[in-house]
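Here is the naming used below: chain letters follow the sequence lines, and residue numbers restart at 1 for every chain. As the structure is a computational prediction, the values presented were derived from the model and not from experiment.
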Amino acid sequence: MTKSTVWIVLSLFIICLISAGLLSKVYTLTRARIELIQNEKTQLNLAKVSDDTTSTQTGTVDTIMLSCLCRVLPTSKSYIEIIKDTLWIVNDERNQKIGIVFKIAPQGYGGPIPIWVGLGTDTIIQKIFIEADELKETPGLGTQVVESSFQEQFTKRAVNELKLSQDTKGIQAITGATISSRAVVNGIRDNIKRYKKYLISDTLPKAP
Amino acid sequence: MVTNLLLIFIAAFIVNNILLMRYIGLCPFFGVSTSFSTAFGMSSAVLFVMLLSTWVTWILYHFVLIPLDLVFLRTAVFILVIAALVQFVEMFLKKNFKPLYSAMGIYLPLITTNCAILAVTFLVIDYKYSLLQSTIFSIGTALGFGLVIILFSAIRERLEFAPISRSFKGYPIAFIAASLVALAFLGFVGLFGLTL
Amino acid sequence: MITKQKTNRWKYLTQGIILENPILILMIGLCPTLATSTNANNALGMGIAASFVLICSNIVISAIRKFVPDSVRIPIFIIVISTFVTTVDYIMQAYTPSLHKVLGVFIPLIVVNCIILGRAEAFAYKHNIIDSFLDGLGKALGFTLIIVLMGIIREYFSKGAIFGMIIGPKALISNPMLFMIFPPGGFLLIGIFKAIINKFILNKEVVE
Amino acid sequence: MSIFLKSILIFGGLGLGLGILLAFINRKLAIAKNIQLEKIIEALPGSNCGACGFSSCEVYAENIADEKISIDSCLPGGKEVAHAIGEIIGKEAKLREDQIAVLVCQGGRKECSERFIYDGGTDCRQAYILHGGNKSCVFGCVGFGHCALVCPFGAIRIGENHLPIIDEKQCTGCGICVKECPKMTLKLIPRTKLVHLGCVSKDKGNTVRNVCSVGCFSCSICIKACPYDALKMENNLPLMDFSKCTDCGICVYRCPTNSFNDRANARPYAMISSLCNGCGECVKVCQFDAIEGKINERHKIIIAKCIGCGECFKICPVKAVKMAGALGHQRAA
């Protein structure tokens with residue numbers, strides 16, 4: 001190996017080392033804050049889908065300002081995370097289970113569509129929430145799936161009503177985005193079946 | 001399963017065309033699309049390198065970066081791998097496929113700085129596609145890139161002889177022509193329910 | 001002798017803004033310009049991010065230019081630039097999450113942004129640190145100036161607002177020109193800008 | 001700091017691996033990078049004009065390195081490049097004459113009328129699509145300047161008479177304009193050749209006559225007049241055999257419609273010295289009766305009529321004739 005090729009390989013190696021070191025330093029510094037923001041968002045979404053008005057206590061979700069980082073939790077609820085970042089059990093202040101919340105990401109064609117689903121103990125969907133800004137889309141262009149009118153259709157729906165249809169019985173698909181709306185409906189229905197077992201058993205189940 | 005793949009292909013090929021709808025890869029687009037042969041050479045080189053780099057980066061991401069929780073290295077590793085890949089491809093072609101190299105070779109160094117290649121590797125990760133889906137996606141994007149760049153090179157060859165005022169000759173008229181073509185591509189939004 | 005030195009240094013700075021403006025004259029760095037200038041805030045965000053990376057990478061590259069072997073200089077430049085880009089990426093994720101969401105895939109794309117690699121290759125690799133810093137600053141200002149200008153125009157026509165403040169006439173707000181947000185608007189705007197610049201440069205040449 | 005360690009290991013390892021792989025492959029795949037190739041590429045002008053028939057200078061250099069092709073087909077480079085390459089690869093450069101492009105049509109807007117009014121695309125190839133252009137002479141140059149556009153050396157510009165004017169100093173004879181011209185009214189001739197026909201019309205005599213005032217209507221006077229029979233009629237045009245032609249210029253001046261183009265700026269004239277014994281041979285030979293005098297008396301040349309063709313100079317048995325003025329046939333410039 002002539003001297004010049006040694007130097008070529010060495011210089012590449014040194015630059016990689018320095019940049020890797022720097023990057024890991026930056027990552028560890030900013031990771032704390034990013035996680036903080038991430039938790040903040042999950043709490044907000046959890047609250048959004050589980051404001052179970054039919055629950056015994058009257059606590060309603062008060063507004064949560066994302067920008068101010070003080071964690072104003074909904075008055076009564078506590079969330080126990082079962083599966084990291086996908087499933088939470090919702091308990092009221094007397095630690096009675098009143099429902100579950102799970103997050104799914106069915107495959108739309110503009111990329112995965114992140115949906116939060118709040119399910120009451122009576123397997124009736126309380127609310128769903130589609131995170132608009134999570135969608136990896138060209139900046140500035142919204143997609144129709146995010147419109148609140150589409151999300152409202154899911155409130156107070158039983159599992160068997162979850163199918164695309166023209167009449168008000170089922171869910172009306174959005175014109176122009178049939179593929180994405182079908183992905184949302186199927187995604188929710190399949191995952192409800194998967195997470196249903198957490199509703200029934202009172203004791204805290206082991207993570208699957 | 002197959003319709004799913006087909007729809008990903010069409011979305012990448014026409015509906016979300018990487019050049020006209022996502023604005024990625026414009027630098028070589030205006031530089032190379034002056035004549036058909038250069039445009040064809042460039043798009044075949046892009047297809048070849050985009051496919052290879054999507055595979056390499058996808059495997060690297062899912063089997064090295066995620067298990068070791070080094071996701072923050074994503075940008076650096078990807079671009080380094082692509083630069084090295086282009087270097088190997090160039091040397092390999094120069095040695096074994098001389099005619100192919102002389103047709104496509106001159107564009108290879110250009111490709112390292114081509115935003116489209118890196119963009120595809122990132123989009124494939126963000127969309128959480130499987131390896132097969134990302135292959136289809138990258139083929140679709142590369143063909144979309146080729147389609148637009150060849151289509152546009154024909155337009156620009158005609159523009160050479162059109163009577164255009166002096167200050168609009170060259171790049172300005174090319175941009176305006178590109179905006180009209182982009183307008184036409186906008187018509188594809190909503191095809192088969194594929195939104196942007 | 002020093003004054004001559006100072007003048008051409010000053011020239012490096014001012015050249016970047018009008019005479020050798022990266023977007024309009026050198027025609028490089030078009031991808032982020034068109035993509036993120038849908039409104040003024042995004043444009044400003046991208047402008048600052050790209051400028052930070054451009055200036056820092058210019059300084060570092062001109063600092064280490066003596067140790068870089070010529071045959072492997074492109075990969076080394078790329079590693080240096082990608083280090084800065086990742087730092088910007090994670091700082092943005094920590095402190096300005098909303099802007100980071102909107103800019104999305106275009107932040108990592110700064111690595112292959114033709115301005116930065118172009119300036120590194122053409123200028124920083126051959127000049128000393130102060131000159132490359134000034135050149136980087138000039139190019140960054142030129143880039144940010146144009147991208148913010150486009151952001152303002154596109155936002156004004158599509159939302160009748162600038163930096164979010166609604167100032168447009170009623171008619172514009174009731175039926176905004178959405179054409180400007182979509183890709184065709186961006187291409188058209190750059191085409192017109194380039195024509196105006198040609199007009200100045202062309203008759204300047206004739207005068208000479 | 002496990003993250004710090006892990007990232008250093010992975011990224012550093014990747015960098016090292018790629019570096020080693022790069023160096024290794026660089027050597028294994030290194031084609032014989034012969035220094036000769038580098039030197040040849042440097043010697044070539046590098047304008048990638050394609051005159052040598054290859055897409056770029058580099059490809060041409062590779063062919064030279066593999067001795068596949070004669071080393072002087074780089075026309076723009078001409079003699080110096082050929083010599084330089086010759087030294088590099090040690091082979092004597094077989095010189096092809098230096099060439100220059102000339103227009104073989106003199107029918108501008110004044111000489112040749114237009115068949116129809118045309119205001120379409122301002123490029124010869126577009127005008128050519130429409131019945132071969134709007135000039136009444138079907139073979140003539142339409143003069144929209146495509147040759148000026150494609151000339152890589154900027155040697156051609158369109159004169160006010162709507163015909164291309166070729167600047168001989170700039171023109172390197174690369175032949176691109178000849179290839180590109182849709183009407184084939186440009187031709188490559190050796191740079192030293194002074195006289196060439198200025199018409200390409202293959203029409204019959206009378207059609208040419210009522211279409212263009214300077215067109216050759218194949219009267220074949222020049223063929224008879226040429227002392228070296230370098231001309232012979234071929235589909236209504238006098239074809240010139242460059243090897244026989246001595247650029248004497250007789251055909252230029254004998255042609256009734258001066259269809260011949262004479263690139264010499266100035267022509268010499270003959271002078272008869274006192275040695276003349278009045279034999280009268282020169283009078284028989286001179287086609288422009290520019291010599292007068294009685295038998296056995298010293299003859300005299302009428303300078304106005306003499307075109308400097310040099311026939312009397314050649315025929316004079318006593319070498320009494322001298323050529324003066326433009327130093328023989330060389331151009332004055």
Asker: By side chain to side chain contact (heavy atoms under 4.5 Å, CB included), which residues pair with D:C124, not counting sequence neighbours?
Answerer: D:V142, D:F144, D:H146, D:P182
Asker: Is D:Y128 atom OH crowded by more than 12 heavy atoms from other residues, nucleotides or ligands, each under 6.0 Å away?
Answerer: no
Asker: Just verifying a value: how many Å separate A:F13 CZ and D:L14 CG, rounded to the nearest 0.5 Å?
Answerer: 11.5 Å
Asker: Any non-hydrogen side-chain atom of D:F4 less than 4.5 Å from a side-chain atom of A:T28?
Answerer: no
Asker: Strictly distance-based, threshold 3.5 Å: is any side-chain N or O of A:S24 a donor or acceptor partner for the main-chain N or O of D:S7?
Answerer: no
Asker: Which heavy atom in D:G15 sits nearest to a heavy atom in A:C16, and how many Å separate them?
Answerer: CA-SG, 3.3 Å
Asker: Quick check: closest heavy atoms across A:L12 and D:L18, and the distance to 0.1 Å?
Answerer: CD2-C, 4.5 Å
Asker: Tell me, yes or no, whether the heavy-atom count around A:K193 atom NZ, taken from other residues, nucleotides or ligands under 6.0 Å, exceeds 12.
Answerer: yes
Asker: Under the rule for side chain to side chain contact (heavy atoms under 4.5 Å, CB included), what residues qualify as partners of A:R194, not counting sequence neighbours?
Answerer: A:N191
Asker: I need the A:L23 CG to D:I3 CD1 distance, nearest 0.5 Å.
Answerer: 12.0 Å
Asker: Once you round to the nearest 0.5 Å, how far does CG of A:L17 lie from CZ of D:F11?
Answerer: 9.5 Å
